[in-house]
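Down below is the structure, laid out as structure tokens.
In what follows, every chain begins at residue 1, and chains take the letters A, B, ... in the order their sequences are listed.
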Amino acid sequence: MKNLVRYIVTRTLLTIPMVLILLSIVFVVLRVMPGDPVSSMLGGHAPERVIEQKKEELGLNRPLAVQYVDYLWQVARLDLGDSMVFQQGVTDAIIEKMPATIELTFFAMIITLVVGVFLGAYAADHRREFRDSMIRLYGIVIYCIPVYWLGLMLQLIFGIWLDIFPIAGRTGSRILSSTFEQSGFYVIDTLRAGNYAAFGDVMHHLVLPAFTLGLTLSGIFVRLTRANMLDVLKADYIVAAEARGITHTKIVYRHALKNAMIPILTMMGLQVALLMAGAILTETTFSWPGMGRLLLERIYLRDYPTIQGVIIVYALFVAMVSLVVDIIYAMVDPRIRY
Amino acid sequence: MARILHIEDLRVHFPINIGTVRAVEGANLTIEEGEVMGLVGESGCGKSTLGLSILRLLRPPGRIVEGKILYHGEDIVRMGAKEILALRGGRIAMIFQDPLTSLNPLFSIKEHFIETLRTHEKRIETKEALARAERMLSSLGISPERLHEYPHQMSGGMRQRIMIGLGLILNPDLLIADEPTTALDVIVEAQFLDLLDDLRKRFNLSIMLITHNLGNVAQLADRISVMYCGTIVEVGPAQTIFDEPLHPYTQGLLASIPNIKLDEPELKLMRGSLPDLVSPPSGCVFHPRCPRAMDVCSEEWPKTAAVNGHQVNCWLYR
Ligand SMILES: Nc1ncnc2c1ncn2[C@@H]1O[C@H](COP(=O)(O)OP(=O)(O)O)[C@@H](O)[C@H]1O
Ligand code: SF4
Ligand SMILES: [Mg+2]
């Protein structure tokens, strides 16, 4: 237990250099890119004098190194600063959008795991049969499809032709989110408010975006689970368990799958970054008001502080999830000691 | 004495792309109540395949193509899936070569026992299951506290005893032990064989002890079946198999055991090696390696003859 705490602390401290490096890259790239927040805010026709004055105000005329150190010092004090384009603190903007992203990625991850792991295990159990081939084909095809294309297809089929799922936003127009919104996590807020109609509506809106993101990533898990399962099913302890009369289903989905899950957990930790990237595209496709859309919007506006802030939050998010995955890993595998 | 197991003309094949591996080809074997039957032969001769067939544990493409496996007179080859599951662990236990990999690394010893008991006695309570597991561990000379440990916390010898415990927890009357000591070091091996000897009396067990090491069976077995190329070539009481082996293969096998008591300057190794089981030799399968082969040997398979209390398949004993 003490070791676990020490491990968590070490891992947390290690995220600091990671964030620092990422932040430095983003800081430089943003300023090398053509365009700046002032011109995007005032448009191309503003007089030179006004632009210069505004730049001066925002501190953009100082040497890059000074701006950089200044910004790092600010972040070190846990202050992400203010937007350069809107009258708004960066932290506020992020807090407003973050719940939408977390809700989307959480449900997507569940779909990925359930669909990917189950199909992979099922395919391994029926290897070389027709079902196995179909599942493998699914794994490859879904892996190759771009997120937004799958999103558009699902919108077309389930949103427009069949008209059973909404294709944009987090709630319907008849549901006033102000009546239940507290934390921004609509799923939790609606349940806490006991507003089941609103809860149903929120889940209804989640279906297509969560499936789009979840299914896209499920391909990797299908292939990985299948391969691991085939390995594990050859293990001596599987035959030994069979020799004790344990049923086939238990052997496959209890003994084998649990062991096959260990490398899958590692993979999951690594996939979080991909999940985040996919979330940005999904949010765009489904007008989902999350951090991904915030990021894209602000990149157009060259809103430096907001972009940097969002990137930091994404990085921390990835680091946190992979830490949690590692802890689960240690709980599942008794051989791991920190 | 009742006959627990009677294997009759068993043939087990593995169809693979280059042909069919005839892993077991016309094997006959019996085990009487309370006896230890040693099954010996070079590795690759089909011992494990024969052992696995008894519990119908063959992996595809392995398949029993012919023959009977009578357990208390009931043919296992013809049993339905439900009956087989009840048989496995419930009435016949099997342990394997490598104790280090035979336990699920993610399950504690306790979970292994509870699961095994629940599989056969659906309604058993956890407390009762644990009590039985504890008693079993004590009788194997393992402290019951170790029930809470995981396999990686135990030594090889300890894990093999756990495997036995899992096998015997439901009081089966037959134990198939497939090279149970091959992966253990010599001292642990000796202890383990002593334990087996002790258990057979206490649990009234019959044991099929599979090994390629004749020294192992010498200690324990009442009778020995010698296997070669998928078939049993000689069966007899352990004592006379060692003292007066009849089949040239048995003789060769015995001559190849290093024996410090004999003043022989060097080991006699059998010439040649185990033939390919996809296209085994004609007639007596041993003829390409047999120092006493005759013309008839390559033409026709010798019928079983009863000589001096042995059953032997060799043209020398017509
Ligand atoms: N799954 C399999 N596919 C093909 N051949 C196999 C398979 N399992 C075993 N065999 C073959 O069957 C023969 C007997 O193997 P085995 O029963 O393991 O022998 P032993 O236990 O005496 O060493 C060997 O020639 C082996 O190559
Ligand atoms: S039958 Fe012939 S070849 Fe076979 S063991 Fe006997 S003597 Fe040798
Ligand atoms: Mg073997």
Side-chain angles (χ1 to χ4, degrees), chain A residues 1 3-4 117 121 123-133 225 228-266 325-338, chain B residues 48 51-52 54-61 81-109 111-113 115-121 148-153 159-160 162-163 166-170 172 175-176 178 183:
Chain A
M1 198 57 216
N3 283 340
L4 185 62
V117 170
D125 187 24
H126 297 276
R127 70 182 166 287
R128 305 231 189 96
E129 291 175 25
F130 180 69
R131 309 172 241 198
D132 179 27
S133 316
T225 309
N228 288 336
M229 283 291 285
L230 288 183
D231 267 357
V232 172
L233 284 170
K234 281 191 212 121
D236 289 345
Y237 55 80
I238 296 297
V239 190
E242 269 179 287
R244 294 196 296 274
I246 313 225
T247 58
H248 182 76
T249 315
K250 273 209 179 121
I251 292 208
V252 173
Y253 294 99
R254 202 169 115 88
H255 285 260
L257 189 55
K258 200 170 173 192
N259 278 277
M261 277 308 283
I262 288 180
I264 294 168
L265 279 176
T266 321
V325 166
D326 272 8
I327 293 170
I328 297 177
Y329 196 103
M331 291 191 314
V332 175
D333 191 343
R335 290 164 298 187
I336 307 264
R337 287 283 165 270
Y338 291 109
Chain B
S48 296
L52 291 170
I54 299 172
L55 281 181
R56 298 256 305 265
L57 286 170
L58 293 167
R59 294 289 176 97
K82 262 221 172 99
E83 288 170 282
I84 294 291
L85 283 179
L87 203 67
R88 293 176 183 165
R91 305 183 66 192
I92 304 178
M94 183 158 185
I95 59 171
F96 300 89
Q97 178 164 347
D98 194 350
L100 296 184
T101 53
S102 289
L103 290 161
N104 190 329
L106 302 186
F107 291 173
S108 66
I109 305 303
E111 291 172 288
H112 278 89
F113 273 102
E115 182 186 42
T116 307
L117 280 164
R118 281 251 160 80
T119 301
H120 295 275
E121 299 175 17
H148 304 283
E149 294 188 1
Y150 283 87
H152 73 276
Q153 292 166 291
R159 290 193 224 179
Q160 195 59 297
I162 298 281
M163 290 309 296
L166 282 172
L168 300 187
I169 192 84
L170 288 144
L175 170 70
I176 303 166
D178 187 356

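Interface check for chain A: of the options B:Thr101, B:Thr116, B:Leu166, the most heavy-atom pairs under 4.5 Å are formed by B:Thr101. Taking B:Ser102, B:Ser108, B:Gly167 one by one and counting their heavy-atom pairs under 4.5 Å with chain A, the maximum is reached by B:Ser102. Between chain A and the residues B:Gly89, B:Gly90, B:Pro105, B:Pro172, the most heavy-atom pairs under 4.5 angstrom are made by B:Pro105. Most heavy-atom pairs under 4.5 Å with chain B: of the set A:Pro334, A:Ala240, A:Ala241, this distinction falls to A:Pro334. Options B:Leu57, B:Leu170, B:Leu55 differ in how many heavy-atom pairs under 4.5 Å they form with chain A, and the most are formed by B:Leu57.
Proximity to chain B among residues 242-252 of chain A is limited to A:Glu242, A:Ala243, A:Arg244, A:Gly245, A:Ile246, A:Thr247, A:Lys250, judged by heavy-atom separations below 4.5 angstrom.
Summarising the geometry, atom OH belonging to A:Tyr237 is positioned 11.0 Å from atom CG belonging to B:Leu103; distances are rounded to the nearest 0.5 Å. Here the straight-line distance linking atom CZ of B:Phe107 with atom CG of A:Asn259 works out to 7.5 Å at 0.5 Å rounding. Here the NE2 atom belonging to A:His255 is positioned 10.5 Å from the CG atom belonging to B:Leu106, to the nearest 0.5 angstrom.
Enclosure of atom CZ in A:Arg254 by more than 12 non-hydrogen atoms of other residues, nucleotides or ligands within 6.0 angstrom is indicated.
You'll find the side chain of B:Phe96 stays beyond 4.5 Å of the side chain of A:Asp236, heavy atoms only.
With a threshold of 4.5 angstrom between heavy atoms, B:Arg56 does not approach chain A through any atom at all. Contact of A:Val232 with chain B is not made at all, since no heavy-atom distance falls under 4.5 Å.
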